[in-house]
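Have a look at the structure below, then the notes.
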Amino acid sequence: MTQVTEQQIIDALRCVVDRERKNDIISLGMIEGMQVKDGHVALTLGVEPERGPRLEPLRKEVETLVHKLPGVISASVVLTAEKRGTAPAPSAHSAQAPRPQGGELLPDVKAIIAVASGKGGVGKSTTSVNLALALATLGHETGLLDADIYGPSTRRLLGISGGPRSSDGIKLDPISKYGIKSMSMAYLVEEETPIVWRGPMVQSALEQMMRDINWGKLDILVVDMPPGTGDTQLTMVQKVPLAGAVIVSTPQDIALIDARKGLNMFRKVEVPVLGLIENMSYFNCPSCGHRTEIFGHGGARREAEKLGMDFLGEIPLDTVIRQTSDDGHPIVAADPEGEHARAYLAIAAKVWKTVEQNLQMRAASAPRIVIQ
Ligand code: ADP
């Protein structure tokens with residue numbers, strides 16, 4: 001694909017007019033910063049602070065227009081009311097990839113991580129819940145956001161009945177259980193209600209579950225992403241300010257194409273991939289305890305290395321994991337000292353370590369916007 005250049009973007013933006021100031025945004029010198037890398041475009045528009053709230057349509061117009069240019073994979077436009085040349089870029093990531101800022105949607109959440117899979121049924125939700133519980137066990141304030149709008153499963157997995165309440169009369173509170181806060185579409189609509197969500201509604205539902213919920217201060221929010229790697233997922237990945245992503249795969253999928261698709265999706269939007277979790281890695285016989293390596297051993301670790309991903313750990317195929325999930329009492333909460341909980345805890349510790357390192361690096365290297 002041909003790469004878009006800064007000049008092409010500037011030329012295209014000459015037709016965008018700031019109606020209040022009756023001139024195009026290039027002539028008005030409103031472009032304060034631009035970064036173009038591998039088809040990802042990040043732009044900063046400088047505006048007067050008092051006009052900021054009114055200029056969202058203009059920001060959107062610029063974003064849409066840039067996104068439509070040939071060779072553009074993603075476009076992110078932010079308004080800044082800082083003095084020219086002194087405005088720090090929103091995060092270190094914006095230097096490489098235009099992505100939304102955590103501060104906009106979830107100002108009190110230190111890190112948001114996505115748990116994703118190339119396809120459904122690999123145990124992504126089971127892994128998300130147990131990973132969130134393990135992070136909480138390690139002492140981190142943890143939230144779980146079920147972003148699977150079509151097939152939410154957090155209510156069942158955490159055994160939650162009833163809906164969320166509001167303590168301040170304005171926003172809804174997430175539901176707390178087993179030491180984590182959670183929110184899911186299933187808490188908001190009746191289980192039986194057929195949900196016919198069009199693309200944009202999925203988007204806004206997800207944003208609402210972040211913005212309009214009293215998450216409070218969190219160290220980490222685990223987002224259970226919808227399965228697959230289609231456009232909806234890609235949009236979500238772009239809209240949710242992610243510190244990183246974890247990919248869940250079964251041994252047979254990692255050798256196949258699905259897990260790679262997940263990896264590529266995150267690389268496309270330059271979300272750091274924290275690593276791969278192999279679920280249903282081997283079979284623990286419930287009656288004799290014998291371990292069977294159904295798909296051979298070590299394949300996922302090797303495959304992860306080949307793809308340049310960290311291998312975070314393996315979880316066996318074990319009836320007790322399924323039963324505890326079905327009972328709404330996931331294994332990390334049901335048997336916190338057991339071997340499965342220990343496996344999830346080890347994975348959680350690795351995930352947290354990398355997230356923390358990324359956050360420190362980001363804080364240390366926040367770049368300055370380049371003045372055009
Ligand atoms: P996904 O979110 O990828 O669609 P789920 O987490 O809903 O997958 O898991 C699909 C089914 O597999 C569920 O019935 C779940 O209980 C079961 N399952 C997931 N992981 C394991 C495991 N490690 N051992 C046994 N059953 C599992």
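Whatever order the structure lists ligands and atoms in, that order sets their numbers, starting from 1. Throughout, residue positions are numbered sequentially from 1 according to the sequence presented.
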Practice problem: Could you find the nearest protein heavy atom to atom 19 (C) of ligand 1 and give me its residue, atom name and distance? | Solution: Thr126 OG1, 3.5 Å
Practice problem: Using distance alone, with no hydrogens and no angle criterion, decide if Tyr187 and Thr154 have a side-chain donor and acceptor under 3.5 Å apart. | Solution: no
Quiz item: What are the atoms of ligand 1, with element, lying closer than 4.0 Å to any heavy atom of Leu317?
Solution: 24 (N), 25 (C)
Self-check item: Nearest protein heavy atom under 4.0 Å from atom 13 (C) of ligand 1, yes or no
Solution: no
Quiz item: Hey, are Asp219 and Lys110 close enough for a salt bridge, meaning a charged N less than 4.0 Å from a carboxylate O?
Solution: yes
Practice problem: Would you mind checking which non-hydrogen protein atom is closest to atom 18 (N) of ligand 1, with the distance to 0.1 Å? | Solution: Met280 CE, 3.8 Å
Self-check item: Test item, Gly121 contacting ligand 1 (heavy atom, 4.0 angstrom)
Solution: yes
Quiz item: Do Arg59 and Val47 touch side chain to side chain, with heavy atoms closer than 4.5 Å?
Solution: no
Practice problem: Note the single closest protein heavy atom to atom 17 (C) of ligand 1, along with its residue, its atom name and the distance in Å. | Solution: Arg322 CG, 4.0 Å
Practice problem: Determine whether any heavy atom of Ser128 lies closer than 4.0 Å to an atom of ligand 1. | Solution: no
Quiz item: With backbone taken as N, CA, C and O and side chain as the heavy atoms from C-beta onward, which portion of Thr319 lies under 4.0 Å from ligand 1: side chain, backbone, both, or neither?
Solution: neither
Quiz prompt | Nearest protein heavy atom with distance in Å, relative to atom 24 (N) of ligand 1 | solution = Asp318 N, 3.0 Å
Quiz item: How does Pro316 reach ligand 1, if at all, at less than 4.0 Å between non-hydrogen atoms: by side chain, backbone, both, or neither?
Solution: backbone
